[in-house]
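Order of appearance sets the numbers: ligands from 1, and atoms from 1 within every ligand. The chain is numbered in sequence order, starting from 1. Because only heavy atoms are used, hydrogens play no part in the values below, and waters and symmetry mates are left out as well, while side chains stay in.
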Amino acid sequence: MEIKPISGALGAEVSGIDLKEELSNSESADIHAAFLEHHVLFFRDQHLSPQQEIRFTRIFGEPDIYPFQKGLPEAPEVIEILKTETDERNFGGSWHSDTTYLETPALGSVLSALEVPEYGGDTLFANMALAYDALSDGMKQALEGLVGINSSDGPYRGGRQAVMAKLDGMKDTYQTEAKVYVSEHPVVRTHPETGRKAIYVNSSHTKRFKDMTEAESKPLIDFLCQHAVRPEFTCRFRWTPGALAVWDNRCTQHHALNDYAGKRRRMQRATIKGDRPF
Ligand code: OGA
Ligand code: MN
């Protein structure tokens with residue numbers, strides 16, 4: 001197995017391993033250690049079935065249900081992410097960490113490419129621990145103890161359901177009975193496995209600081225969101241059929257680029273259960 005970083009900020013491509021096979025304990029331990037070191041791992045030409053993708057998530061934690069899309073009948077913790085030729089909006093098309101509006105947001109997610117455009121539809125990732133480290137001591141002190149209010153309706157003008165209902169690719173699996181989730185989390189969280197601090201605010205879900213108005217919160221939230229995704233904190237993954245990515249939501253954000261109008265992109269995603277941020 002070979003592990004090669006793809007940028008100076010985060011992300012590594014892992015080769016020389018077939019994830020369809022049962023992994024040994026030491027292979028699983030090496031992958032887990034690489035995940036903690038690089039925050040997002042990429043594997044090519046894997047073509048995993050939903051069940052194989054679920055098995056892979058168990059290296060990192062337990063599979064979990066995503067509240068807004070119906071899972072596959074054979075694997076409820078796996079959702080299909082489809083953008084059709086006629087869809088204008090895409091899923092995950094702004095910077096975010098997954099499900100920060102839940103009390104226990106996803107630890108990470110595993111995404112596999114089923115059908116990808118010839119070019120376009122890359123995913124960007126950003127390292128929130130690096131972004132935190134680059135803040136001044138004064139700003140780090142100012143953020144100490146601040147709590148963010150995260151809402152699932154954040155990026156959806158007119159409500160999540162109204163937007164999702166318009167997407168040909170996603171509307172059939174949308175959970176119409178899903179509610180609006182709102183949760184409070186520290187603005188700086190400590191990674192439970194590495195002890196590293198990371199910015200835990202994102203422009204898609206973080207509405208305001210606790211005990212402050214949106215207007216009062218906005219300047220600092222805007223600064224943190226822009227700072228967090230400075231180019232030198234990011235990497236970019238170009239998908240190929242069968243490629244797989246696993247990212248650590250506790251210390252990264254990601255952004256699905258929407259630059260493939262008129263083309264089809266179909267992915268399958270498994271969610272990994274997380275714990276309460278502190
Ligand atoms: C996700 C997501 C990114 C992509 O699965 O959580 O944001 O590139 N997807 O499809
Ligand atoms: Mn996402």
For ligand 1 and [X], I'd like to know whether there is a polar contact (N/O to N/O, distance under 3.5 Å).
X      : value
Trp239 : no
Arg265 : yes
Asp122 : no
Trp247 : no

Which of the atoms in ligand 1, numbered in the order shown and given with their element, are less than 4.0 Å from a heavy-atom of Gly92?
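In order of numbering, the contacting atoms are 7 (O).
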
Would you check if the distance from the ring center of Phe56 to the ring center of Phe43 is below 6.0 Å?
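Yes, close enough.
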
Does Lys171 use its side chain to pair, donor to acceptor, with the backbone of Val163 at less than 3.5 Å?
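Not at all, since once roles are kept as given, no pair shorter than 3.5 Å links the two residues.
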
Side-chain donor or acceptor of Thr194 paired with backbone N/O of Arg196 under 3.5 Å
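Yes.
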
Where on Tyr66 is there a heavy atom closer than 4.0 Å to ligand 1, on the side chain, on the backbone, on both, or on neither?
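Answer for Tyr66: neither.
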
For ligand 1, is any non-hydrogen atom under 4.0 Å from Asn90's backbone (N, CA, C, O), its side chain (CB onward), both, or neither?
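For Asn90, there is no contact with ligand 1 at all, from either part.
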
To the nearest 10°, what's the angle at the Mn ion (ligand 2) between atoms NE2 (His96) and OD1 (Asp98)?
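Rounding to the nearest 10 degrees gives 100°.
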
Less than 3.5 Å apart, any donor N or O on the side chain of Asp45 or His47 sitting next to an acceptor on the other?
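Side chains of Asp45 and His47: no pair found under 3.5 Å.
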
Checking Arg269 against Tyr66: charged group under 6.0 Å from the ring centre and within 45 degrees of the axis?
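Geometry flag: set, cation within 6.0 Å and 45°.
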
Validate the cation-pi geometry between Lys70 and Tyr174: distance from NZ or CZ to the six-membered ring centre under 6.0 Å, angle to the ring axis within 45°.
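No.
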
Can you spot which of Arg44, Arg238, Lys4 makes a salt bridge (Lys or Arg N to Asp or Glu O under 4.0 Å) with Glu13?
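Exactly one option meets the salt bridge (Lys or Arg N to Asp or Glu O under 4.0 Å) with Glu13, and it is Arg44.
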
Quick test: of every protein heavy atom, which one is nearest to atom 5 (O) of ligand 1, and how far off is it to 0.1 Å?
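Of the protein heavy atoms, Arg269 CD, 2.9 Å lies nearest.
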
